[in-house]
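So the structure is just underneath, and the comments pick up after that.
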Amino acid sequence: MREARHRLRSLEPAGRDRGTILEDTVLKKIAEKHKKSAAQVTLRWELQNGIITIPKSTHQERIKANTNLYDFELTAAEMKEINDLDAAPQPLGMGWNPYTIEY
């Protein structure tokens with residue numbers, strides 16, 4: 001149970017990181033390959049990791065894009081590339097990868 005709460009709590013800062021993590025060159029490269037946005041790639045990464053995510057937007061085009069995640073799949077190599085993005089030290093309780101957050 002602690003692990004599930006750990007995952008859910010750690011997802012909250014992801015929205016605040018939107019201006020930085022979605023500009024990452026690794027995410028942009030993967031997104032371009034799949035003809036998706038960096039946001040869709042991060043949502044797909046969460047989906048493939050079994051992380052429950054409730055994306056929020058007030059923009060109709062983003063809401064629609066947030067549901068368009070089932071026509072592509074990230075490869076094992078792409079998943080590793082994304083996992084490795086969180087290798088840099090983060091402030092306590094911050095980061096976008098819930099598996100690397102320390103509380």
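Keep in mind that what you see is a predicted model, and the values were worked out from it rather than measured.
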### Task
Output every pair passing ring pair (Phe, Tyr, Trp, His ring centres under 6.0 Å) with a member in residues 25-44, not counting sequence neighbours, ordered by first then second residue.
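Passing the test, one end in residues 25-44: H34-F72.
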As an exercise, state the distance from [atom1] of [X] to [atom2] of [Y], rounded to the nearest 0.5 Å.
| X | Y | atom1 | atom2 | answer |
| --- | --- | --- | --- | --- |
| N66 | K64 | CG | NZ | 12.5 Å |
| I30 | L74 | CD1 | CG | 6.5 Å |
| N83 | W45 | CG | CH2 | 5.5 Å |

### Task
Share the residues that join I63 in a hydrophobic cluster, the rule being Ile, Leu, Val, Met, Phe, Trp or Tyr side chains under 4.5 Å apart at the heavy-atom level.
none
### Message
Which Ile, Leu, Val, Met, Phe, Trp or Tyr residues join L43 in one cluster when any pair of side-chain heavy atoms under 4.5 Å counts as a link?
### Response
L47, L69, Y70
### Query
In this structure, are over 12 heavy atoms from other groups packed under 6.0 Å from Q60 atom CD?
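Atom CD in Q60 is not crowded, with 12 or fewer foreign heavy atoms closer than 6.0 Å.
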#### Entry: K28: partners by side chain to side chain contact (heavy atoms under 4.5 Å, CB included), with sequence neighbours left out
E23
### Query
Got a sec, which residues hit side chain to side chain contact (heavy atoms under 4.5 Å, CB included) with A38, two or more places apart in sequence or on another chain?
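Once residues adjacent in sequence are excluded, the partners of A38 under the side chain to side chain contact (heavy atoms under 4.5 Å, CB included) criterion are L22, L27.
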### Query
Is there a donor-acceptor pair under 3.5 Å between the side chain of D24 and the backbone N or O of V26?
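Yes: the side chain of D24 pairs with the backbone of V26.
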### Query
Would you say T53's side chain and P55's backbone share a donor-acceptor pair under 3.5 angstrom?
no
### Query
For E32, which residues count as a side-chain hydrogen bond (donor to acceptor under 3.5 Å, both in side chains) partner, sequence neighbours excluded?
none
### Summary
Sorted by chain and number, sequence neighbours left out, side-chain hydrogen bond (donor to acceptor under 3.5 Å, both in side chains) with E81 holds for K29
### Task
Taking atom types as modelled, find out whether R44 and Q48 have a side-chain donor-acceptor pair closer than 3.5 angstrom.
yes
### Message
I need the minimum non-hydrogen distance between N68 and Q40, along with the two atoms involved.
### Response
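So the two residues come closest at O-NE2, 3.4 Å.
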### Message
I'd like to check the salt bridge (Lys or Arg N to Asp or Glu O under 4.0 Å) partners of K35; sequence neighbours left out, ordered by chain and number.
### Response
none
